[in-house]
2 protein chains.
Amino acid sequence: MLNEKSLSVSPDCSECPIRHRAVCARCETDELERLEEIKYYRKFEAGQTVIWSGDRMEFVGSVVSGIATLTQTMEDGRTQMVGLLLPSDFVGRPGRSSAAYDVVATTDLVMCCFRKAPFEEMMLRTPHIAQRLLEMTLDELDAAREWMLVLGRKTAREKIASLLSIIARRDASINQRDVEDRLTFDLPLTREAMADYLGLTLETVSRQVSALRKDGVIELEGKRHVTIPDIGRLLEEAGDDADGGVFA
Amino acid sequence: MLNEKSLSVSPDCSECPIRHRAVCARCETDELERLEEIKYYRKFEAGQTVIWSGDRMEFVGSVVSGIATLTQTMEDGRTQMVGLLLPSDFVGRPGRSSAAYDVVATTDLVMCCFRKAPFEEMMLRTPHIAQRLLEMTLDELDAAREWMLVLGRKTAREKIASLLSIIARRDASINQRDVEDRLTFDLPLTREAMADYLGLTLETVSRQVSALRKDGVIELEGKRHVTIPDIGRLLEEAGDDADGGVFA
DNA sequence: CGGTCGTTTGACTGCGGTCAAAATCCGTGG
DNA sequence: CCACGGATTTTGACCGCAGTCAAACGACCG
């Protein structure tokens with residue numbers, strides 16, 4: 001906790017890399033000015049816990065850069081990841097006083113935080129924020145439901161393929177890369193984190209990743225750098241409808 | 001589809017049984033009057049499909065009475081339930097033109113429908129509706145994430161116990177029953193529907209229900225009527241924290 | 001009475017979990 | 001530059017939980 005850093009200077013909203021995708025996306029200039037007054041940046045290092053489940057939450061905020069995970073843990077230690085937080089994703093629930101999940105930085109992370117009470121008060125007066133938050137929450141709900149199908153009904157191989165295609169899609173969207181390009185990215189998750197996301201053990205993840213590599217569905221350089229020669233093939237392996245533009 | 005019934009008369013909102021829990025919960029009298037103008041009731045019989053995935057959605061609405069399910073299906077027929085819709089739950093996504101899931105009535109069902117375009121237009125002008133919808137969506141997101149833990153990490157026995165405790169909780173809350181009472185309710189789902197919710201086969205569901213009965217965790221009269229002699233015991237079996245008031 | 005639907009039960013199989021060990025990666029300090 | 005130690009990943013052998021296939025049972029209805 002000691003190596004967490006608060007930045008004294010928060011960059012101007014108008015230059016923010018997530019300006020057009022985050023909870024503030026629809027705000028007008030004057031609304032942004034009021035947001036500037038209650039915002040502050042915080043940095044976390046890879047591996048640090050951002051919020052502990054059950055803790056009192058004094059802020060909500062957006063991921064500016066880096067990746068974090070949302071996880072739930074049972075008393076006996078079994079854990080399930082319930083969300084992957086990428087830049088522009090929102091953290092925290094207005095109207096709730098204590099955190100429901102652990103939030104952990106898996107890479108170095110920068111967050112744009114808003115003090116909770118002022119943010120909630122501002123939400124009531126600023127429909128642009130509430131509207132955008134509703135839209136984002138509906139998207140997250142859809143993603144969670146898609147993930148329920150993955151967890152409940154897919155095989156281990158399909159689960160891995162599903163995770164890779166989701167990361168590939170999000171990566172392409174964030175980096176504005178063309179989908180027709182040869183997709184290539186770094187896995188932001190350890191095998192254990194992948195297992196926690198997919199409801200598998202890390203051994204099974206390792207075996208199935210190797211199998212997909214052996215079958216030519218993916219290519220690996222080192223343990224983490226992935227290339228996808230044929231995205232249609234990967235989507236087929238995921239059990240998704242290959243055509244019909246999940247990527248459109 | 002022919003036996004679907006439209007009611008010519010929609011009861012007054014002020015007498016509505018879900019008045020204080022549905023998307024209209026926070027509306028003032030004048031706001032309710034405007035909602036009355038765009039609402040209509042529809043009845044569905046048990047087994048009927050309310051909405052097909054992919055269909056154009058011409059309405060959104062609330063469940064007034066009865067129970068419906070939200071399901072997703074893969075090409076090869078594997079299906080996963082992603083939501084259980086009880087009275088006051090909201091159906092449909094403002095801002096989206098086609099349905100993402102199948103909605104099926106599992107009992108006779110009455111819905112309070114709003115034509116989609118007028119409802120969306122009204123949402124922009126009526127913060128009370130948007131606020132309540134955000135709150136409900138956040139609750140659904142939490143429920144979906146809790147379910148991800150069930151699907152990803154719990155054993156078949158724990159899954160059954162989790163489902164029973166959720167139904168017991170919701171049933172108690174809807175019928176305003178005291179939790180300390182001897183909990184008793186009718187299962188609104190077939191074994192197959194339970195299996196689709198839990199990511200199991202119907203045979204496994206049947207076996208585990210029998211096992212819980214044999215072990216005295218639940219009592220059965222017929223196939224569907226369930227009594228829970230000790231809710232704490234059931235929560236233990238579900239792998240949840242037994243104390244601490246999930247039921248508080 | 002036969003037919004359908006939902007459910008239970010049994011026998012067997014196989015996918016993914018468990019336990020264990022080896023291999024690889026990577027940062028750190030001598 | 002290399003040796004060391006810890007973390008991460010891979011691989012192997014074995015096992016058990018839940019899936020599969022099949023049959024029978026009970027309730028309900030025409």
Side-chain angles (χ1 to χ4, degrees), chain A residues 3 45-48 69 74 76-80 104 106-108 150-164 186-215 218 220-226 237 239, chain B residues 45-48 69 74 76-80 104 106-107 150-164 186-215 218 220-226 237 239:
Chain A
N3 40 8
E45 296 184 354
Q48 261 193 291
T69 62
M74 294 170 68
D76 61 9
R78 283 176 281 176
T79 74
Q80 175 64 52
V104 179
T106 59
T107 65
D108 287 352
V150 173
L151 291 172
R153 291 303 186 191
K154 292 196 177 179
T155 64
R157 186 181 173 99
E158 290 171 331
K159 284 179 174 181
I160 300 288
S162 297
L163 177 58
L164 292 176
D186 280 307
L187 268 181
L189 303 175
T190 64
R191 297 287 185 263
E192 186 178 22
M194 292 172 67
D196 285 343
Y197 206 177
L198 296 167
L200 297 171
T201 60
L202 65 92
E203 294 95 327
T204 298
V205 170
S206 178
R207 274 185 254 269
Q208 296 297 337
V209 168
S210 298
L212 288 175
R213 182 179 48 67
K214 190 159 58 62
D215 296 346
I218 60 175
L220 288 179
E221 293 168 71
K223 309 291 184 190
R224 297 289 192 88
H225 194 76
V226 180
E237 292 284 354
Chain B
E45 295 185 354
Q48 261 193 291
T69 62
M74 295 171 68
D76 61 9
R78 282 177 281 177
T79 75
Q80 175 64 50
V104 179
T106 60
T107 66
V150 172
L151 291 173
R153 291 303 186 191
K154 293 196 177 179
T155 64
R157 186 182 174 97
E158 290 171 331
K159 284 179 175 182
I160 300 288
S162 298
L163 177 58
L164 292 176
D186 281 307
L187 269 180
L189 302 175
T190 65
R191 297 287 185 263
E192 186 179 22
M194 292 172 68
D196 285 343
Y197 206 177
L198 297 167
L200 298 170
T201 59
L202 65 92
E203 293 95 327
T204 298
V205 169
S206 178
R207 274 186 253 267
Q208 296 296 338
V209 169
S210 298
L212 288 174
R213 181 180 48 69
K214 188 159 58 61
D215 296 345
I218 60 175
L220 288 179
E221 293 168 71
K223 309 292 182 188
R224 296 289 192 87
H225 193 77
V226 180
E237 292 284 356

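Since the structure is predicted, the reported quantities are computational estimates derived from the model, not experimental observations. By convention in this document, chain letters (A, B, ...) are assigned in the order of the sequence lines, proteins followed by strands, and residues within each chain are numbered from 1. Hydrogens, waters and symmetry mates are skipped; everything else that's a heavy atom, side chains included, is used.
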Take atom CD of B:Glu203 as the centre, draw a 6.0 Å sphere, and report whether it contains more than 12 heavy atoms from other residues, nucleotides or ligands.
-> yes
Send over the distance from [X] [atom1] to [N] [atom2], rounded to a whole Å.
X	N	atom1	atom2	result
B:Glu203	C:dG6	CD	P	14 Å
B:Lys154	C:dG17	NZ	P	18 Å
B:Leu200	C:dC15	CG	P	18 Å
A:Arg78	C:dT18	CZ	C1'	14 Å
A:Glu221	C:dC25	CD	C1'	16 Å
B:Leu220	D:dG26	CG	C1'	15 Å
B:Leu187	C:dG6	CG	P	15 Å
B:Asp196	D:dA18	CG	P	17 Å

B:Arg153 pairs by side chain to side chain donor-acceptor pair (under 3.5 Å) with which of A:Thr79, A:Asp76, A:Asp196?
-> A:Asp196
Closer than 4.0 Å, any side-chain N/O of [X] to the OP1 or OP2 of [N]?
X	N	answer
B:Thr201	D:dG19	yes
B:Thr204	D:dG19	yes
A:Ser206	D:dT9	no

Determine the contact category for [X]: base if any of its heavy atoms lies under 4.0 Å from a base atom, sugar-phosphate if only primed atoms, P, OP1 or OP2 are that close, otherwise nothing.
X	value
A:Gly199	sugar-phosphate
A:Leu202	base
B:Arg224	sugar-phosphate

Comparing nearest nucleotides in DNA chain C, the 5'-proximal residue of the pair A:Arg207, B:Ser210 is B:Ser210
Please name the pair of heavy atoms, one in A:Glu237 and one in A:Glu158, separated by the smallest distance, quoted to 0.1 Å.
-> O-CG, 3.2 Å
Between A:Arg153 and A:Lys223, the residue closer to the 5' end of DNA chain D by nearest nucleotide is A:Lys223
Short side-chain to backbone donor-acceptor contact, A:Ser210 and A:Ser206, under 3.5 Å = yes
For A:Tyr197, does its backbone N or O pair with a side-chain atom of A:Gln80 as donor and acceptor, under 3.5 Å?
-> yes
